[in-house]
Every structure is written in structure tokens, then in C-alpha cells.
Amino acid sequence: MRAMLIANPMATSTSRRARDLLVRAVAGHLDLEVAETAYRGHATELARRAVTEGHDVVMTVGGDGTVNEVVNGLLEKGPSADVPQLAMLPCGSANVFARALGLSNDPVDATRAVLEALRAGRYRTVGLGSASPDGGAERYFTFCAGVGLDAEVVREVERRRLAGARADPSLYARTAIRHFFSGTDRERPSLTLEVPGRPAISGLFLAFVSNTAPWTFLGPYPVNPSPRAHFSRGLELFGMRSLDLMPVLGAVAGMLTARTRPVRGRQVLNLHDAREITLRADRPMAFQLDGDYLGELESITFRSVPRAIRIVI
């Protein structure tokens, strides 16, 4: 079995030595090509080459950002039976997609499980989401997208990481609290939600679009605004009509305790099992996919992509 292993040397949760051990463990079982990423977008280029060269499997050693880039390289021409299977060895700070699929957050345990699945020929076909900014190229996401406050927090975290900060749950929590009180616009809602066949809904400050649950993790704790989100269904949306302190605290508490029902509240908007969602803004708004900040935009359309990719699991 031919495999390409794409490793992110900047992955946050393991040392270089630990990553080398994972690579050696895998190399003994596969006809393996190892490639390290050197810049943003490099994993997409490598995955695209793996498709062209006819690899059977593409493996990632990294976090959700690496996985997202690889998925977009594999699916550049759309879902197809000719696309290699994807196997993940999680080494990021959150590993949301891998954990949502049931992989251990421990890289050694995950490697053992992936190798067992490869030997047994086990895989799972899952649905993804796609995001098409107005005037931009379509991009796939594995577990979530966000417009507004959460994307602003991701942007600030990325700035702090470039300045030397370590990406861990406390960095995200501190940045979110600081930005909520002193960085984001809590007075003027900008977003309007459009769903085919329904009246538009305006007056939203932020929106999360989920392809699975949980939306993210705060260390070991799931953060779950849309517990009904699932790889086999359409997309879920969670939105806020107010950024006043009490409604936000109530929503956060609901996200940390929700298990089967969406977060509720007078200032909360939920959308279930949607095939297409468009968000329009009256000013440029921050945008993130799978925890990567992608800039500002004024219009974006999300679509559900059923049975998009095969995951070794």
C-alpha cells in the first residue's frame, strides 16, 4: 500500500522526537513517502500531488489546520472514489476532527488504532462542509466554520502564536475574554442569514456553522453549541442576536453542558440539518474554517457535501 505522510513540524502538542517515532512506527507497515510542510498551504500542494501520483492513503501528522489543508488538496477536483483515503495521527492542540471520529487524542494510541484499521481495511465515509466566499474559491471544512467573534479570537490567537505564545486552551480562553470586552463590536449586529425557501433573518452578531459535534474542545471538555450536528446530516448553525454579557454567559454555559439538545435562549438562533446557508454582512467580518483565520468577507455560502471523503478509522 502506497502512502504519503504529511507532517507539520510546527504541530503544537508533540516534540520533534515524538513525531519522528510516530513516523518510524508507520514506515514499517507501508510503502511510505514522508513530506514535511514548510509554509501555509504546503500540505494542500502535497495532497494534490498524492492524488496525481496514485497514492492509496494520505496520512497527516499535525493538527486540524494540517488536516484541513490536506482535505482541500485531496478534493481539489471534488469527491471521487479515486481520492486516497485519509488517516490522521493527531498532534495539534485540539484535534477536533480526529476526536469527533473517535480517535484518541494521544498520538501513540491513535497511531496504533490507525495501523490496525489499515491492516483490516477499515474506513468510514463522512460528509464535509464547503464554504464559498463571494468572489473566492470554494474550500472544504471538516468540523466548523465561523463568522464574527470566534474568527476574531482565532485571528488574535494566531498573532500571539507568531509572537511566541504556545497554543493551548488557556491561550484561547484568555484571548476570548480579552477580545470580548475590548476588541469586538458588541453594539452593531452585522450578519443576515439566508436559507433557500425561508425568510432572511437579520441582526446576528456571530454565527458558527458545524459539520459535527462538538464544535471544539477546551482541553478535555467539549464545547457543543449544536449537539445534533453529524457527518451524515446537513449543516447546523448557531447564532447570537446579542453580545450582552448575560446572554453570552448563558450561551457559553449551555455549550459546556449541552449533550443532546442545542443551546437555547432568547438571543440564540439555531438551524438544523441545512443543505445550504448564506451569511451576508453589512461590513467586512472575520472568517475562520476549522480553526484557521482566513481574512474578512461580506458574503459566504456554506453547503453540505455528503459522503465526501474516506477516513481510515
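At a cut-off of 3.5 Å, with distance as the only test, no side-chain donor of Asp56 or Gln85 sits close to an acceptor on the other residue. Residues Asp282 and Ser190 bring a donor and an acceptor atom of their side chains to less than 3.5 Å of each other. Defined by atom type and a distance below 3.5 Å, a donor-acceptor pair is present between the side-chain atoms of Glu45 and Tyr39. Counted by atom type alone, Thr278 and Thr301 present one or more donor-acceptor pairs between their side chains at under 3.5 Å. With no hydrogens or angles considered, no side-chain donor-acceptor pair links Asp64 and Asn68 at under 3.5 Å. Ser170 and Asp168 share a side-chain donor-acceptor pair at under 3.5 Å.
Remark: the backbone N or O of Leu243 is paired with a side-chain donor or acceptor of Arg186 at under 3.5 angstrom. The backbone N or O of Tyr140 sits less than 3.5 Å from a side-chain atom of Asn72, completing a donor-acceptor pair. Checking side-chain atoms of Ser104 against main-chain N and O of Asp106 turns up a donor-acceptor pair under 3.5 Å. In this structure, the side chain of His55 does not engage the main chain of Val57 through any donor-acceptor pair within 3.5 Å. Looking only at distances, a side-chain donor or acceptor of Ser242 sits under 3.5 Å from a matching main-chain atom of Asp244. In terms of modelled atom types and a separation under 3.5 Å, the side chain of Thr175 and the main chain of Leu171 share a donor-acceptor contact. A donor-acceptor pair under 3.5 Å is formed between the side chain of Arg241 and the backbone N or O of Val268. A donor-acceptor distance shorter than 3.5 angstrom exists from the side chain of Asn211 to the backbone of Gly127, with no hydrogens or angles considered. Checking side-chain atoms of Arg155 against main-chain N and O of Asp150 turns up no donor-acceptor pair under 3.5 Å.
Residues Ala50 and Pro84 share a closest heavy-atom pair of O-CG, 4.3 Å. Contact record, Val114 with Ala87: CG1-CB, 3.8 Å, taken as the closest heavy-atom pair. Taking each heavy atom of Ser226 and Glu236 in turn, the nearest pair found is CB-CB, 3.7 Å. Scanning both residues, Leu103 and Ala113, for their nearest heavy atoms gives CD2-CB, 4.2 Å. Taking each heavy atom of Glu276 and Pro196 in turn, the nearest pair found is O-CD, 3.5 Å. Taking every heavy atom of both residues into account, Ala176 and Val153 meet most closely at CA-CG2, 3.8 Å.
The side-chain heavy atoms of Arg40 and Asp292, taken from C-beta on, include a pair separated by under 4.5 Å. Between Phe238 and Met255, the closest side-chain pair of non-hydrogen atoms falls below 4.5 Å. In this structure, the side chains of Pro262 and Arg228 come closer than 4.5 Å at one or more pairs of heavy atoms. Proximity of Met88 to Ile311: side-chain heavy atoms (C-beta onward) are separated by under 4.5 Å at one or more points. Between Glu33 and Arg49, some side-chain heavy-atom pair lies under the 4.5 Å cut-off.
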- Run the side chain to side chain contact (heavy atoms under 4.5 Å, CB included) check on Arg99 and Phe143 step by step: do they pass? CA-CA 11 Å; Arg99 291 164 77 177; Phe143 62 93; over 6 Å; no
- Query: Given the rule in the side chain to side chain contact (heavy atoms under 4.5 Å, CB included) test, do Leu101 and Arg124 qualify, once you have shown the distances and angles that lead to the verdict?
  - Reply: CA-CA 9 Å; Leu101 284 162; Arg124 176 180 173 186; 3.7 Å; yes
- Task: Report the C-alpha distance between Leu118 and Glu116 in whole Å, list the side-chain angles of each, state the deciding distance to 0.1 Å, and finish with yes or no for side chain to side chain contact (heavy atoms under 4.5 Å, CB included).
- Result: CA-CA 5 Å; Leu118 283 169; Glu116 290 176 358; over 6 Å; no
- Message: Quick one, Val312 with Leu86, criterion side chain to side chain contact (heavy atoms under 4.5 Å, CB included). Give me CA distance, side-chain angles, the key distance, then yes/no.
- Response: CA-CA 6 Å; Val312 176; Leu86 173 65; over 6 Å; no
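If you chain together hydrophobic residues whose side chains sit under 4.5 Å apart, Val252 and Val157 fall into the same group. Val70 is connected to Val305 through a chain of hydrophobic side-chain contacts under 4.5 Å among Ile, Leu, Val, Met, Phe, Trp and Tyr, so both are in one cluster. Grouping the Ile, Leu, Val, Met, Phe, Trp and Tyr side chains by contacts below 4.5 angstrom, directly or via other members, places Ile313 with Val83. Clustering ILVMFWY residues whenever any of their side-chain heavy atoms sit less than 4.5 angstrom apart, transitively, puts Ile177 in the very cluster that holds Leu218. Residues Leu206 and Tyr293 do not share a hydrophobic cluster, defined by chaining ILVMFWY side chains whose heavy atoms lie under 4.5 Å apart.
Taking OG1 from Thr66 and CD1 from Ile6, the interatomic distance works out to 9.0 Å, rounded to the nearest 0.5 Å. The distance from atom OG of Ser210 to atom NE2 of His230, rounded to the nearest 0.5 Å, is 13.5 Å. Taken from CG in Leu74 to CG in Asp82, the straight-line distance is 12.5 Å, to the nearest 0.5 Å. In this structure, the separation between CG on Asp290 and OG1 on Thr142 is 3.5 Å, given to the nearest 0.5 Å. From Arg310, atom CZ reaches atom OH of Tyr123 across 5.5 Å, with rounding to the nearest 0.5 Å. In this structure, Met4 CE and Glu53 CD are separated by 5.5 Å, a value rounded to the nearest 0.5 Å.
Between Arg283 and Asp185 there is a salt bridge, with a side-chain nitrogen of the basic residue lying less than 4.0 Å from a carboxylate oxygen of the acidic one. Residues Arg160 and Glu156 are paired through a salt bridge, judged by an N-O separation under 4.0 Å between the basic side chain and the carboxylate. A salt bridge is absent between Arg48 and Glu69: the closest approach of a Lys/Arg side-chain nitrogen to an acidic carboxylate oxygen does not fall below 4.0 angstrom.
Ser130 pairs by the side-chain hydrogen bond (donor to acceptor under 3.5 Å, both in side chains) definition with Glu138, not counting sequence neighbours. Taking Arg280 as the reference, Glu194 meet the salt bridge (charged side-chain N to carboxylate O under 4.0 Å, His left out) condition, with sequence neighbours excluded.
Other members of the hydrophobic cluster containing Val209, listed by chain and number, are Phe141, Val147, Leu191, Leu193, Val195, Ile201, Leu204, Leu235, Leu237, Leu269, Leu271, Ile277, Leu279, Met285, Phe287, Leu289, Leu294, Leu297, Ile300, Phe302; membership follows side-chain contacts under 4.5 Å among ILVMFWY residues, whether direct or relayed.
Ring orientation note: the planes of Phe231 and Phe97 are nearly perpendicular, at an angle over 60° on the 30°/60° scale.
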